[in-house]
Enquirer: 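Have a look at this one.
Start at 1 and go down the list; that is how both ligands and their atoms are numbered. One-based numbering along the sequence shown.
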Amino acid sequence: MSYRLDKYLALAGIGTRSEVKAFLKKGMVTVDGQLEKKPERKISGEEIIHFQGREICYEEFRYLMLHKPAGVVTATRDQKEQTVMDLITLPGKKDLFPVGRLDKDTEGLLLITNDGELAHRLLSPKKHVDKCYFARVEGPITEEHIQSFAKGLDIGDDTPTLPARLRILSSGEISEVEVTIQEGRYHQIKRMFEAVGSSVCYLKRLSMGSLVLDENLEKGGFRRLTGQEIAALQKGNREETDNREVCG
Ligand code: URA
């Protein structure tokens, strides 16, 4: 990263480029403890910058994990409904967006970011990124269902679903299962269970690639990803890309 100081401060939300220039002139900014008045000073991201004594940190990319509750729509804005972005009580969130869509009644892991490239790679079915869900479904679930999910199901689209993993946690009048898919078609899990004569009563996303829902997050809560979580997501993505290139 390399920015002019005035651009860096403007990106950090201190003010417009011209306001920032005026603040610099007035001596309101220090870089690594030294007064800095030059707007053209280069910033690499390693420096410690203060504005009026307050440390300023601008991150180009931001990554948040939201524990989506039921009853909230996955959208950046909506005329009538509460959206997942309404739950993100952070300043400067206007460039953030949810990665993929969970239905209004689905709970669980939702990644919120401004990193479009990462989002694209996580969502592309060609990248085969696992999305794992816990589901409660109607009726007994058997080995036969496992086979059907593994083969791919006709859910009324042009092509059958990609192979999916079904793990039975309990089977009965209401069964509990874990399902892992590599796509994100509209209502995909619900339609997959309908295709085998069942229906979903409860759905929660547990993970997306290497990113696992933090069960300490209460429903509706969010937190920043740790450096390790971000690195793992990016590494996962790079490996997917590299493998595909090697395999053609
Ligand atoms: N599949 C569904 O049916 N709904 C979701 O919210 C996510 C996956």
Side-chain angles (χ1 to χ4, degrees), residues 64-78 80-88 96-113 118-139 141 145-146 148-169 171 174-215 217-222 233 236:
L64 304 171
M65 170 190 299
L66 171 71
H67 187 162
K68 179 191 174 296
V72 172
V73 296
T74 309
T76 43
R77 72 178 88 134
D78 193 279
K80 294 188 210 115
E81 310 262 15
Q82 188 184 26
T83 73
V84 290
M85 295 312 295
D86 293 331
L87 300 172
I88 307 297
L96 298 179
F97 58 87
V99 178
R101 188 176 169 285
L102 293 179
D103 297 336
K104 186 175 171 186
D105 57 357
T106 301
E107 297 181 349
L109 174 69
L110 196 60
L111 173 65
I112 312 264
T113 186
L118 178 75
H120 174 73
R121 283 184 271 140
L122 287 172
L123 294 175
S124 165
K126 289 191 195 129
K127 303 288 180 193
H128 298 264
V129 175
D130 284 345
K131 287 106 191 165
C132 179
Y133 294 82
F134 167 82
R136 258 183 226 118
V137 301
E138 300 267 357
I141 297 295
H145 292 107
I146 296 182
S148 312
F149 273 59
K151 270 197 221 123
L153 290 164
D154 178 358
I155 58 169
D157 290 344
D158 293 343
T159 54
T161 55
L162 289 175
R165 275 196 309 278
L166 180 60
R167 191 160 84 88
I168 303 170
L169 303 174
S171 179
I174 298 289
S175 301
E176 294 195 334
V177 294
E178 266 179 26
V179 193
T180 304
I181 57 176
Q182 297 184 332
E183 307 162 275
R185 301 191 196 179
Y186 183 64
H187 292 332
Q188 180 163 345
I189 305 262
K190 291 175 183 162
R191 288 159 69 207
M192 287 169 84
F193 279 97
E194 274 157 25
V196 296
S198 174
S199 68
V200 170
C201 352
Y202 173 79
L203 190 59
K204 175 179 182 177
R205 183 154 64 194
L206 304 176
S207 64
M208 187 178 209
S210 58
L211 189 64
V212 178
L213 177 67
D214 181 343
E215 289 290 349
L217 267 185
E218 57 196 38
K219 285 180 204 170
F222 68 92
L233 272 182

Enquirer: With a cut-off of 4.0 Å, which atoms of ligand 1 are near a heavy atom of Lys190?
Expert: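 Counting atoms of ligand 1 from 1, those under 4.0 Å from Lys190 are 3 (O).
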Enquirer: Consider every N or O of Tyr133 and every N or O of ligand 1, then say whether any pair is closer than 3.5 Å.
Expert: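 So ligand 1 has no N or O lying under 3.5 Å from an N or O of Tyr133.
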Enquirer: Does an N or O anywhere in His187 fall below 3.5 Å from an N or O of ligand 1?
Expert: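 By distance alone, the answer is yes.
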Enquirer: Checking the N or O distance criterion of under 3.5 Å, is ligand 1 in contact with Leu203?
Expert: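 Leu203 vs ligand 1: no N/O contact under 3.5 Å.
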Enquirer: Looking at atom 4 (N) of ligand 1, what's its closest protein heavy atom, distance included?
Expert: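 Minimum-distance protein heavy atom for atom 4 (N) of ligand 1 reads Asp103 OD2, 2.7 Å.
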Enquirer: Between Lys131 and Leu109, is any pair of side-chain heavy atoms under 4.5 Å apart?
Expert: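 No, too far: nothing below the 4.5 Å cut-off.
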Enquirer: When you measure from the side chain of Lys190 to the backbone N and O of Asp103, does any donor-acceptor pair fall under 3.5 Å?
Expert: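 Pair absent, no side-chain N/O of Lys190 close to backbone of Asp103.
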Enquirer: Enter the distance from Thr113:OG1 to Leu64:CG here, rounded to the nearest 0.5 Å.
Expert: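 Separation between the atoms: 7.5 Å.
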Enquirer: In the protein, which heavy atom is nearest to atom 1 (N) of ligand 1, and how far is it?
Expert: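 Ranking protein heavy atoms by distance from atom 1 (N) of ligand 1, first comes Ile189 N, 3.1 Å.
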Enquirer: Is the shortest side-chain N to carboxylate O distance from Asp157 to Arg191 below 4.0 Å?
Expert: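 A salt bridge is present here (some side-chain N lies under 4.0 Å from a carboxylate O).
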Enquirer: Enumerate the atoms of ligand 1 whose separation from the nearest heavy atom of Thr106 is less than 4.0 angstrom.
Expert: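 Here the atoms of ligand 1 in question are 4 (N), 5 (C), 6 (O).
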Enquirer: Does Arg101, backbone or side chain, put an N or O under 3.5 Å from an N or O of ligand 1?
Expert: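 Among all N and O atoms of Arg101, none is under 3.5 Å from an N or O of ligand 1.
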Enquirer: When you look at Glu107 and Lys204, which way does the salt bridge (Lys or Arg N to Asp or Glu O under 4.0 Å) test go after all the steps?
Expert: CA-CA 5 Å; Glu107 297 181 349; Lys204 175 179 182 177; 5.5 Å; no
Enquirer: Less than 6.0 Å separating the ring centroids of Tyr133 and Tyr202?
Expert: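 No: the rings miss the under 6.0 Å criterion.
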